[in-house]
Amino acid sequence: MHRKWYRKLTGTVLAAVLSASLLAGCGQGDTPAPDAGASAQESQSFAESSAQESESQSETQSSEEESSAETEQNQEEVPILKTAVMNTMGCRLGCAVAGLDLENPNVWDIVTTHFNAVTLGNELKPDAMFGYSNGRCPGLEETELNGETFLVPKMDYSRAERMLNKLYDWNQEHPDQKIMVRGHVLLWHAQTPEWFFHVDYDKNKDYVDKDTMNKRLEWYIRTMLTHFVGEDSKYKDMFYGWDVVNEAISDGTNTYRSDNENPNEPLSQDTHGSNSSWWHVYQSNEFIINAFKYANKYAPAELELYYNDYNECVEGKMKGIVKLLEAIKAEEGEPGVGTRITAMGMQGHYDSTNPSFNMIDLAIKRYAEVVGNVQITELDIKARDSYDGSEEKREEEFKKNAARYSTIYWVLKAKNKEEGVNITGITFWGTADHLSWLQTRSDVGGGADGKYPQCPLLFDEFYQPKPSFYVFAKEE
């Protein structure tokens with residue numbers, strides 16, 4: 001049995017949410033959310049927020065007890081979110097977790113009660129797999145691939161396995177309430193150490209050629225998929241899909257991300273935020289096509305494979321993403337020969353007005369025309385600049401947040417009913433507001449500047465459902 005969740009929800013707040021929702025369907029301009037550059041520590045900020053969580057637990061405990069005492073006087077049982085979304089949309093409902101999130105009992109309660117899927121925010125990315133040894137290779141070992149023996153970096157699975165083991169134990173004890181995992185991510189220009197692209201894995205030496213890079217890419221994808229979803233893996237039944245390639249389209253040119261997205265970011269940096277060393281080696285989209293070929297070769301047939309990107313509703317970038325998807329689809333074939341792609345991942349890092357209703361609608365339509373299935377993979381809503389975190393403005397911002405989510409969910413529900421469109425998953429990028437990556441400065445797509453407080457998710461800093469929670473908790 002799930003423990004019961006209670007929240008004092010007054011008729012005034014409910015009425016305000018419904019009223020605001022009715023106003024939320026109007027288009028509100030087609031300018032993109034402020035561009036945060038191309039990605040790279042989508043992660044670090046998220047991880048820092050998670051680390052801060054353990055320090056704040058003692059401070060919030062007394063507040064939680066007060067909240068609990070208050071709600072006991074006016075109790076209303078809170079719906080189970082994953083059940084409502086499944087009954088309404090017929091799809092998975094996920095959230096991102098990172099660092100020590102799953103060790104926090106409040107986060108654990110939210111995850112196990114309200115979600116049936118999680119994305120590990122950082123722990124399956126290349127830098128984590130190499131033990132965060134971004135400045136230099138952590139050591140080498142021999143491997144064999146396609147009849148050839150060569151040296152590869154040593155892998156460190158410990159961070160991911162610590163989280164996966166906790167989820168595994170839950171699934172064993174609760175077979176009717178299993179929590180599935182989305183793998184994130186195999187190939188990304190960010191959070192991949194620069195030394196990975198160089199001779200002898202030394203960034204002070206020359207870049208390797210394409211043939212050598214192809215061997216490294218195939219080895220890495222084979223190793224990840226064999227370890228986590230291979231026939232002999234403890235975790236093989238836990239993963240429903242994997243992001244194969246992340247954020248390979250440029251915000252500036254609306255075509256493939258190059259090695260010169262940000263001229264002020266030298267390729268000699270240990271890791272990159274904007275520039276792509278993948279592109280520097282290949283000078284084409286060959287690495288993207290190859291990544292999907294290798295994923296198709298080593299992934300079980302039932303494992304879903306995705307492309308994932310942000311600013312995905314901006315018209316110019318949308319066209320670039322569509323061309324990328326078409327290029328992948330054009331190479332489809334049997335495992336070991338061709339590519340395979342299951343869905344387009346629309347990240348969903350939005351603000352209070354952009355993208356508009358029409359932009360989201362059009363993006364889903366365009367992506368579905370190519371791949372059929374669409375998922376919202378990192379959903380959160382940045383607060384307005386006028387929000388200062390004060391009690392006076394808190395209720396107003398919560399209402400605005402709920403109205404915005406209502407608009408987004410309305411589009412998803414409407415598109416899901418259309419022939420040829422399948423919304424197969426919705427994932428929020430976090431659980432409680434104070435743990436969101438938006439609370440600190442980030443130079444990555446959809447990030448924030450750290451100057452303003454944020455309330456982007458469905459649960460507040462006391463781990464209680466907000467008005468936005470009830471947007472998704474209502475079954476239709």
Side-chain angles (χ1 to χ4, degrees), residues 21 24-25 79-96 114-119 179-184 239-244 246 302-314 317-318 321-322 324-325 328-329 340-350 354-381 402 404-430 446 457-458 468-476:
S21 299
I80 302 301
L81 203 59
K82 61 189 176 187
T83 303
V85 171
M86 178 60 72
N87 290 340
T88 298
M89 294 284 294
C91 70
R92 300 183 188 92
L93 184 70
C95 63
H114 291 290
F115 296 95
N116 52 29
V118 299
T119 300
I179 299 171
M180 302 297 287
V181 180
R182 182 191 190 92
H184 179 70
F239 286 80
Y240 67 88
W242 215 293
D243 290 322
V244 178
N246 197 45
E302 64 274 13
L303 186 76
E304 299 176 2
L305 303 176
Y306 315 120
Y307 175 70
N308 193 53
D309 215 329
Y310 71 99
N311 275 355
E312 72 283 356
C313 297
V314 179
K317 187 169 182 178
M318 181 200 314
I321 293 173
V322 167
L324 179 150
L325 297 176
I328 297 169
K329 290 287 288 184
R340 177 166 66 87
I341 183 169
T342 310
M344 165 64 192
M346 297 173 58
Q347 288 188 11
H349 293 301
Y350 302 149
N354 292 297
S356 69
F357 173 99
N358 290 333
M359 293 168 69
I360 299 172
D361 182 274
L362 179 61
I364 294 173
K365 177 182 178 182
R366 290 287 182 260
Y367 300 139
E369 286 173 348
V370 183
V371 294
N373 301 318
V374 176
Q375 299 181 351
I376 308 300
T377 60
E378 303 182 15
L379 185 58
D380 54 21
I381 296 176
R404 180 67 168 134
Y405 270 124
S406 181
T407 298
I408 295 167
Y409 198 34
W410 196 96
V411 177
L412 297 180
K413 289 183 288 187
K415 298 305 289 184
N416 201 41
K417 295 176 182 178
E418 294 184 9
E419 185 176 354
V421 179
N422 296 302
I423 309 295
T424 57
I426 302 171
T427 296
F428 294 88
W429 203 240
L457 300 167
L458 305 188
S468 53
F469 171 96
Y470 293 90
V471 170
F472 297 89
K474 181 181 177 182
E475 294 186 24
E476 295 182 3

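Predicted model only: the values in this text are computed from it and were never measured. When reading the values below, keep in mind they use all heavy atoms of this one structure, side chains included, and skip hydrogens, waters and symmetry mates. Residue numbers count from 1 along this sequence.
Applying the salt bridge (Lys or Arg N to Asp or Glu O under 4.0 Å) definition to pairs two or more places apart or across chains, those involving residues 354-363 are Asp361-Lys415.
Checked against salt bridge (Lys or Arg N to Asp or Glu O under 4.0 Å), Arg366 has the following partners two or more places apart in sequence or in another chain: Glu369. Residues meeting the ring-ring contact (aromatic ring centres under 6.0 Å, His included) test with Tyr405, sequence neighbours left out: Phe428, Phe472. Under the salt bridge (Lys or Arg N to Asp or Glu O under 4.0 Å) criterion, Glu419 pairs with no residue at all, not counting sequence neighbours. Residues satisfying the ring-ring contact (aromatic ring centres under 6.0 Å, His included) test with Phe469, not counting sequence neighbours, are His114, Phe459. Annotation: side-chain hydrogen bond (donor to acceptor under 3.5 Å, both in side chains) contacts of Thr88 (sequence neighbours excluded): none.
Listed here is the closest heavy atom pair of Tyr240 and Arg182: OH-CB, 3.3 Å. In plain terms, the two heavy atoms of Trp242 and His184 that are nearest each other are NE1-N, 3.7 Å. Of all the heavy atoms in Ile364 and Val374, the pair that sits closest is O-CG2, 4.0 Å. Between Phe239 and Gly183, the shortest heavy-atom contact is CD2-N, 3.9 Å. For the residue pair Cys95 and Gly430, the shortest heavy atom distance occurs at CB-O, 3.6 Å. Cys313 and Tyr350 get closest at one heavy-atom pair: SG-OH, 3.6 Å.
The aromatic rings of Trp429 and His349 sit perpendicular, their planes meeting at an angle over 60°, well past the 30° parallel limit.
For the atom pair Gln375 CD and Met346 CE, the distance stands at 11.5 Å (nearest 0.5 Å). Interatomic distance, CG of Leu81 versus OH of Tyr470, reported as 10.0 Å (0.5 Å rounding). Once rounded to the nearest 0.5 Å, the distance linking OH of Tyr307 with CG of Asn246 reads 7.0 Å. Note: Arg92 CZ to Thr427 OG1 = 9.0 Å, rounded to the nearest 0.5 Å. Taken from CG in Leu325 to CE in Met318, the straight-line distance is 12.0 Å, to the nearest 0.5 Å. To the nearest 0.5 Å, atoms CE (Met89) and CD (Glu475) are separated by 13.5 Å.
At most 12 non-hydrogen atoms from other residues, nucleotides or ligands lie less than 6.0 angstrom from NZ of Lys365.
Side-chain contact check for Leu93 versus Met86: every heavy-atom pair is 4.5 Å or farther apart. With contacts defined as side-chain heavy-atom distances shorter than 4.5 Å, the pair Ile381/Ile408 qualifies.
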Val85 vs Tyr409, side chain to side chain contact (heavy atoms under 4.5 Å, CB included): CA-CA, chis, key distance, verdict: CA-CA 10 Å; Val85 171; Tyr409 198 34; 3.9 Å; yes

From CA spacing to verdict: side chain to side chain contact (heavy atoms under 4.5 Å, CB included), Ile360, Thr407: CA-CA 10 Å; Ile360 299 172; Thr407 298; 5.8 Å; no

Check against side-chain hydrogen bond (donor to acceptor under 3.5 Å, both in side chains), Asn308 and Glu378: CA-CA 10 Å; Asn308 193 53; Glu378 303 182 15; 3.1 Å; yes

Applying side chain to side chain contact (heavy atoms under 4.5 Å, CB included) to Val244 and Tyr306, what does each step give before you reach the verdict? CA-CA 6 Å; Val244 178; Tyr306 315 120; over 6 Å; no

Set out, in order, the CA-CA distance, both residues' side-chain angles and the distance that settles side chain to side chain contact (heavy atoms under 4.5 Å, CB included) for Leu305 and Ile341, then state yes or no. CA-CA 5 Å; Leu305 303 176; Ile341 183 169; 5.5 Å; no

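Remark: the backbone N or O of Asn311 is not paired with any side-chain donor or acceptor of Gln347 at under 3.5 angstrom. Under the 3.5 Å distance criterion, the side-chain polar atoms of Asn87 are matched with a main-chain donor or acceptor of Thr83. Asp380 contributes no side-chain N or O that, together with a main-chain N or O of Leu457, makes up a donor-acceptor pair within less than 3.5 Å.
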